[in-house]
There are 2 protein chains.
Amino acid sequence: MKIATWNVNSVRTRINHICDWLTTNPDVDVLCLQETKVIDNDFPHAPFSDRGYQTYIYGQKSYNGVAMISRSPLENVQMGFASVLGKIAEPSLDDQKRLITAQLAGIQIVNMYVPNGSEVGGEKYEYKLRWLRLLKLYLQALLAQSPNVLICGDFNVAIADIDIYDPKNRETKVMATDIERDTLAEVLNLGFQDVFRKFEPEGGHFSWWDYRAGGFARNRGWRIDYHFLTAPLYERATACVIDKEPRKMPQPSDHTPVIVTL
Amino acid sequence: MKIATWNVNSVRTRINHICDWLTTNPDVDVLCLQETKVIDNDFPHAPFSDRGYQTYIYGQKSYNGVAMISRSPLENVQMGFASVLGKIAEPSLDDQKRLITAQLAGIQIVNMYVPNGSEVGGEKYEYKLRWLRLLKLYLQALLAQSPNVLICGDFNVAIADIDIYDPKNRETKVMATDIERDTLAEVLNLGFQDVFRKFEPEGGHFSWWDYRAGGFARNRGWRIDYHFLTAPLYERATACVIDKEPRKMPQPSDHTPVIVTL
DNA sequence: GGGACCGGGG
DNA sequence: CCCCGGTCCC
């Protein structure tokens with residue numbers, strides 16, 4: 001089974017890129033999208049259903065939005081924190097549509113778009129940290145039901161220095177501060193491992209390059225898109241690759257897909 | 001000699017269409033553009049100079065803007081009413097960049113983008129009529145200097161019922177009212193003839209189709225782009241054609257080129 | 001419907 | 001740098 005994650009930065013703008021990518025990657029079973037940036041009523045279902053995919057969407061206007069595109073029907077699709085946790089202490093953490101989960105073949109797949117955080121120490125940064133803390137409770141609840149949990153998406157955190165083209169002054173950079181790393185580590189310590197690192201110990205592998213200042217041309221990237229797997233899935237995994245091809249196309253997303261093979 | 005007029009609805013958005021069109025129409029000597037929608041500092045000169053064309057521009061931010069693209073250098077380029085008339089009674093008629101003229105091989109070529117008028121009877125409609133009245137004085141001044149005057153561009157008036165796909169209720173439609181026609185006729189009565197009609201008496205030939213409601217697919221068009229010629233040039237003319245091909249391309253301008261052969 | 005600008009977000 | 005959503009204009 002192949003599961004992919006891709007922050008597409010608008011599913012409508014990128015629909016042709018996504019369809020072309022599915023055509024050249026027909027063995028991908030589930031594609032997890034982030035930043036669909038579209039309300040559910042306007043989601044382009046037809047391009048996917050025409051190609052034989054099911055679509056599961058959780059969108060909002062303008063910002064955020066996640067979706068799962070699957071060859072086979074998914075089961076028990078749940079959107080947002082509250083759908084899993086019941087009443088949550090800070091309901092505003094579900095205002096932004098960033099989290100969808102479903103089951104396929106005994107695997108609990110969680111697709112997420114972690115808040116970016118904007119500026120270190122700002123209000124959005126604090127929201128990001130609170131979001132990650134609630135994510136821990138959310139995943140605890142899922143882990144209580146299944147040992148096979150895969151979480152993937154745009155985590156907006158480079159978890160190690162080798163995941164940033166230039167980690168200098170990283171404490172000033174959102175996505176790179178110790179507190180973000182530690183807060184995410186608290187989540188991952190529930191029993192999730194970075195499957196990309198099972199196969200690739202070296203740095204210099206990135207999943208996002210800023211549109212500005214020729215980030216991609218100069219390979220000034222960050223690895224912020226991941227698949228984190230619980231032990232049974234981690235053992236099963238036979239590959240995890242970053243596909244840089246879509247980032248080379250005209251008018252690309254700033255992110256590129258990451259694919260895990262189980 | 002071939003002279004073309006084309007309202008491109010943004011020269012930057014349409015630059016590839018324009019260059020492709022020049023490549024397939026290498027015998028066009030002068031291309032008059034309207035609605036360049038770009039300030040002079042941002043005009044894309046290079047695509048034209050790379051292909052061996054001179055560029056003469058008179059632009060503004062967002063709206064309006066005209067340009068002349070020529071294989072040979074043009075002479076005595078003048079922008080706006082005041083450059084020809086000196087002080088004008090209503091200087092605001094030069095606030096919008098809609099008028100450029102130059103000479104080539106003894107022909108005075110005038111490239112214009114007549115105000116649209118927005119709604120019949122409104123403030124912009126009145127501005128359009130005043131603009132056309134000043135145009136008459138402007139052309140009188142040019143005619144005093146040369147018998148060979150060609151005026152072309154987007155006139156935003158369908159001069160006869162056969163120039164509208166459906167002339168019903170035309171008194172309510174801007175670009176079709178008698179007062180617009182009469183005001184433009186006052187200009188043309190200085191000695192200009194519609195050279196398209198030298199070769200084509202039938203209706204159903206249009207140069208503009210609204211983007212909305214499938215205007216082009218249903219051929220709901222208007223003929224509002226013209227070449228009007230003084231007698232010596234009118235006699236010389238051997239062809240005048242509307243080239244609908246660019247309007248069939250993806251992401252086209254709503255107007256298509258009109259080419260006169262002298 | 002499709003340009004352009006602006007302001008917000010990354 | 002590029003996306004979105006408003007607003008203006010045609």
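To find a chain, count down the sequence lines: A is the first, B the second, and so on, and within it residues start at 1.
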Contacts of [X] that satisfy salt bridge (charged side-chain N to carboxylate O under 4.0 Å, His left out) - sequence neighbours left out:
| X | answer |
| --- | --- |
| A/Lys124 | none |
| B/Arg223 | B/Asp163, B/Asp194 |
| B/Lys97 | none |

task = Could you identify which residues of residues 39-47 of chain B place a heavy atom less than 4.0 Å from some atom of DNA chain C, listed by residue number, or say none?
result = none
message = Does the protein touch nucleotides 4-10 of chain D at the base, only the backbone, or not at all? Give it as B, S and - per nucleotide, heavy atoms under 4.0 Å.
response = SSS-BSB
Using the test side-chain contact (heavy atoms from CB on, under 4.5 Å), find all partners of [X] that sit at least two apart in sequence or belong to another chain.
| X | result |
| --- | --- |
| A/Glu90 | A/Ser92, A/Leu93, A/Arg130 |
| B/Pro47 | B/Ile15, B/Cys19, B/Pro44, B/Arg51 |
| A/Glu245 | A/Asp243, A/Lys248 |
| B/Arg218 | B/Ala213, B/Arg220 |

query = Which of parallel (below 30°), tilted (30 to 60°) and perpendicular (above 60°) describes A/Trp209 and A/Phe206?
reply =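 Ring orientation, 0 to 90° scale: perpendicular.
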For atom [atom1] of [X] and atom [atom2] of [N], their distance in whole Å:
| X | N | atom1 | atom2 | value |
| --- | --- | --- | --- | --- |
| B/Gln60 | C/dG3 | CD | P | 19 Å |
| B/Asn7 | C/dA4 | CG | P | 13 Å |
| A/Trp209 | D/dC2 | CH2 | P | 16 Å |
| B/Gln34 | C/dA4 | CD | C1' | 18 Å |

message = When you measure from the side-chain N and O atoms of B/Arg14 to the phosphate of C/dG2, is any distance below 4.0 Å, counting only OP1 and OP2?
response =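 The answer is no; no side-chain N or O of B/Arg14 sits under 4.0 Å from OP1 or OP2.
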